[in-house]
Participant: 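Before anything else, here's the structure in question.
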There are 2 protein chains.
Amino acid sequence: MTDLKAMKATINDVAKLAGVSIKTVSRVTNNETGVRQSTKEKVQQAIDQLKYQPNQSARSLAGTKSYVIGFVYDNPNAYYVIDMQQGILDACRANHYELLIHPINSKSENLLDELVEMVKHSRMSGLLLTPPLSEMTDIIQSLEEKGIKLVRILSGNANSKVTTPSVFVDDRSAAFQITQHLIEQGHQKIAFFGGDEEHNSSQERRQGYIDALTQANIKIESGLMLAGRYSFESGVESCKRVMSGVSKPSAIFACNDEIAAGALFSARLLGLDVPKDVAIAGFEDNPFSRQTWPKLTTAAQPTQEIASQAAELLFKNLRPSTQGDSTEQFISFQPQLVIRESTQS
Amino acid sequence: MTDLKAMKATINDVAKLAGVSIKTVSRVTNNETGVRQSTKEKVQQAIDQLKYQPNQSARSLAGTKSYVIGFVYDNPNAYYVIDMQQGILDACRANHYELLIHPINSKSENLLDELVEMVKHSRMSGLLLTPPLSEMTDIIQSLEEKGIKLVRILSGNANSKVTTPSVFVDDRSAAFQITQHLIEQGHQKIAFFGGDEEHNSSQERRQGYIDALTQANIKIESGLMLAGRYSFESGVESCKRVMSGVSKPSAIFACNDEIAAGALFSARLLGLDVPKDVAIAGFEDNPFSRQTWPKLTTAAQPTQEIASQAAELLFKNLRPSTQGDSTEQFISFQPQLVIRESTQS
DNA sequence: GTATAATATGACAACGCTGTCAATATAAAT
DNA sequence: ATTTATATTGACAGCGTTGTCATATTATAC
């Protein structure tokens with residue numbers, strides 16, 4: 001049983017026990033090159049024996065690195081954020097980094113200053129960004145110009161011309177699959193309920209929808225493509241609107257599960273049976289997509305895994321030894337189609 | 001516009017500009033006593049002019065305080081966690097503290113060691129605990145014995161005999177109100193769907209339910225009080241069970257919204273109309289309680305505010321000057337009844 | 001006006017680590 | 001065996017603060 005009062009082992013203790021200088025211990029803990037294998041083992045043994053863990057404060061005070069990264073987000077989807085945090089935290093623990101979370105308002109006036117101030121004040125050595133922040137190219141560029149290391153997580157694919165290390169989620173292809181699934185179920189009139197336009201994901205998902213319809217030779221009806229926001233209310237609204245229009249859809253592809261849940265709610269109000277009268281599909285696999293009635297067909301992304309890999313990518317770019325080397329700066333993920341009752345008649 | 005490269009002002013710069021020693025600057029930034037008013041002003045002016053901010057790493061390396069607190073949780077409800085984080089973060093920003101989040105598995109074998117190790121490693125000066133951790137008295141006690149400052153957030157009321165600073169949420173009284181509301185709607189046979197027993201909240205809510213029935217002279221039927229977990233599936237299960245029993249309820253009080261959503265789902269499967277055939281109430285005001293059909297009656301708690309106040313309480317106990325003084329160590333919150341369609345016929 | 005107590009300030013050594021550069025050990029080349 | 005290049009290791013000075021203790025200044029009492 002560890003006792004708080006019991007002095008923590010320091011680098012000096014390890015050095016003494018291993019019979020080397022503290023600098024050598026430092027080399028081992030930092031995985032630096034130029035330490036003989038036998039020495040490394042000797043030191044590692046002492047580290048294990050004393051359960052030595054470097055003091056982060058001393059580290060960041062003495063060195064130029066800080067072992068602290070920041071996770072910046074502005075996302076109302078709590079499950080997404082929590083999963084991201086968990087994934088990042090896992091990677092942080094494995095790499096002896098600490099995580100500072102930083103929810104922000106991406107519409108803030110002086111967003112850039114706020115971020116720079118935060119990085120400076122908390123001595124963060126890098127930042128992980130999610131949409132919509134990760135898609136604001138001007139902010140990204142300014143941040144990089146100031147020498148802040150970044151990894152973006154966003155909707156899209158690696159064909160991008162930017163150089164910022166990024167983790168892409170191929171929403172377009174997943175949206176294509178969902179739409180295709182709807183078509184396979186015999187639907188010809190399929191509506192699309194969009195999310196916030198400032199999120200790239202909304203555009204990507206719409207493009208996937210359009211691609212699928214095009215490939216199936218189904219005419220794109222602009223009256224069936226509604227703009228909206230990523231919210232339950234928006235789904236309610238869009239459903240009400242489209243169902244009172246001239247051209248009524250037999251299926252709806254909502255840009256995320258919340259919109260889909262709203263559409264579901266609205267359809268019921270209108271006396272429509274789901275999926276008999278209208279099939280509804282969502283996106284994201286929000287936990288409550290399994291708790292609606294009927295359960296929602298959707299696209300699932302391995303959020304935690306995405307987060308871990310994004311963090312690992314950041315760490316790689318933070319290590320001077322591997323900097324500028326051949327580390328692949330782009331990672332891609334493919335969401336998975338999850339078919340449930342809301343689209344199966 | 002701040003530039004990252006621009007050297008940050010240090011205590012030395014401030015001292016030089018103010019014409020005092022660095023120690024005096026330190027005294028001012030730490031609000032220590034024994035600095036002449038005129039000197040203090042002189043120093044403060046220099047601080048403002050240079051936009052000086054103490055370096056946290058140096059601070060925690062040199063001193064005994066660390067300006068870092070930890071938020072420890074093991075809660076599947078993402079919305080609750082996010083709200084807690086936001087509230088704590090607000091308080092942290094106002095008090096120049098940093099927050100390290102730490103999701104854990106409260107069933108872990110060596111939970112205590114893990115926590116102590118974390119506190120030591122990250123040099124946290126205090127911890128904020130939520131259920132179920134905040135209700136594990138043995139862990140709490142061991143932590144306090146090791147000199148770790150704590151603030152608990154939990155279900156209950158301030159009559160507790162413990163001395164650990166705590167923020168209470170009076171679930172019992174809110175559950176009483178919900179049950180009373182159900183009774184007022186004419187229900188006599190009201191079922192209770194419990195949550196995880198290791199959460200004090202489940203017991204508190206059940207007690208509120210029992211108290212309300214007792215006061216209304218309604219017989220408590222043990223067959224209507226089901227044990228369960230805080231999950232959608234548990235709600236489905238409980239509903240199926242109670243509806244296939246001898247004594248069928250006309251109303252259900254579910255221990256939280258997730259259970260209620262499951263009950264709702266299950267009722268529909270059984271061909272029951274809500275609220276006509278059976279009224280359903282939840283607890284917590286989870287966002288999706290507004291996204292079910294019909295919307296759920298529930299009890300709402302100001303999670304963010306609770307979190308902020310808990311953090312403030314911790315900070316007060318961390319400040320040596322106010323330590324042991326007359327700061328009230330217990331804060332209470334009252335959840336608010338929210339009546340929606342699921343209980344209104 | 002002087003002795004004494006109280007108050008205000010400063011000098012300086014930690015804190016635990018990394019960066020720099022010099023010193024040493026080992027391998028390679030002659 | 002020597003010299004030279006290379007791989008390994010160590011000594012030591014910071015990093016920006018706070019804690020301790022000594023010193024200087026001011027207020028109080030006689």
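In what follows, chains carry the letters A, B, and so on, assigned in the order in which the sequence lines appear, proteins first and then strands, with residues in each chain numbered from 1.
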Participant: Classify A/S60 by what it touches in the nucleic acid, base, sugar-phosphate, or nothing, heavy-atom distance under 4.0 Å.
Facilitator: nothing
Participant: Has A/Q301 got a side-chain atom pairing as donor or acceptor with A/T303's backbone, closer than 3.5 angstrom?
Facilitator: no
Participant: How long is the line joining NZ of A/K16 and P of C/dG16, in whole Å?
Facilitator: 12 Å
Participant: Taking CD1 from B/I22 and P from D/dG19, how many angstroms apart are they, rounded to a whole number?
Facilitator: 13 Å
Participant: Does one side chain, of A/T164 or A/E144, offer a donor that lies under 3.5 Å from an acceptor on the other?
Facilitator: yes
Participant: Please give me every residue in residues 41-59 of chain B whose heavy atoms get under 4.0 Å of an atom in DNA chain C, ordered by residue number.
Facilitator: none
Participant: To the nearest Å, give me how far apart CD (A/E32) and C1' (C/dG19) are.
Facilitator: 9 Å
Participant: Side chain of A/S21 only, heavy atoms from C-beta on: which candidate in C/dT9, D/dA11, C/dC17 is closest?
Facilitator: D/dA11
Participant: Report yes or no: does B/S134 contribute a side-chain atom to a donor-acceptor pair with the main-chain N or O of B/I153 at less than 3.5 Å?
Facilitator: yes
Participant: Return yes if some donor-acceptor pair links the side-chain N/O of A/D83 with the main-chain N/O of A/Q304 below 3.5 Å, else return no.
Facilitator: no
Participant: Can a donor-acceptor pair be found between the side chains of B/R152 and B/S166 at a distance below 3.5 Å?
Facilitator: yes
Participant: Please give, in whole Å, the distance from C/dC17 C1' to A/Y67 OH?
Facilitator: 10 Å
Participant: Go through C/dT18, D/dT18, C/dG16 for me and flag the one nearest to the B/N30 side chain.
Facilitator: D/dT18
Participant: For nucleotides 20-26 of chain D, list the nitrogen or oxygen atoms of the protein found under 3.5 Å from its nitrogen or oxygen atoms, one pair per line.
Facilitator:
none

Participant: For B/D113, is there any backbone N or O sitting under 3.5 Å from a side-chain donor or acceptor partner on B/N110?
Facilitator: no
Participant: Please state how far atom CG in B/L61 lies from atom C1' in D/dT17, giving the value in whole angstrom units.
Facilitator: 8 Å
Participant: Do any side-chain atoms of residues 32-47 of chain A form donor-acceptor pairs under 3.5 angstrom with protein atoms, and if so which ones, sequence neighbours left out?
Facilitator:
residue	atom	partner	partner atom	Å
A/Q37	NE2	A/E41	OE2	3.1
A/Q44	NE2	A/D48	OD1	3.1

Participant: Nearest nucleotide by nearest heavy atom, which residue falls closer to the 5' end of DNA chain D, B/N12 or A/G19?
Facilitator: A/G19
Participant: Counting only side-chain heavy atoms from C-beta out, which of D/dG16, D/dT9, C/dT18 sits nearest to A/T39?
Facilitator: D/dT9
Participant: Can B/S122 and A/E98 be counted as having a side-chain donor-acceptor contact under 3.5 angstrom?
Facilitator: yes
Participant: Look at the rings of A/F315 and A/Y97 and say which category their plane angle falls in: under 30° parallel, 30 to 60° tilted, over 60° perpendicular.
Facilitator: parallel
Participant: Nearest of C/dG16, C/dG19, D/dT17 to any side-chain atom of A/T10?
Facilitator: C/dG16
Participant: From C-beta outward on A/T24, which listed nucleotide comes closest to its side chain: C/dT18, D/dG10, C/dA14?
Facilitator: D/dG10
Participant: Could you give the NE2-to-P distance, from A/H96 to C/dC17, as a whole number of Å?
Facilitator: 13 Å
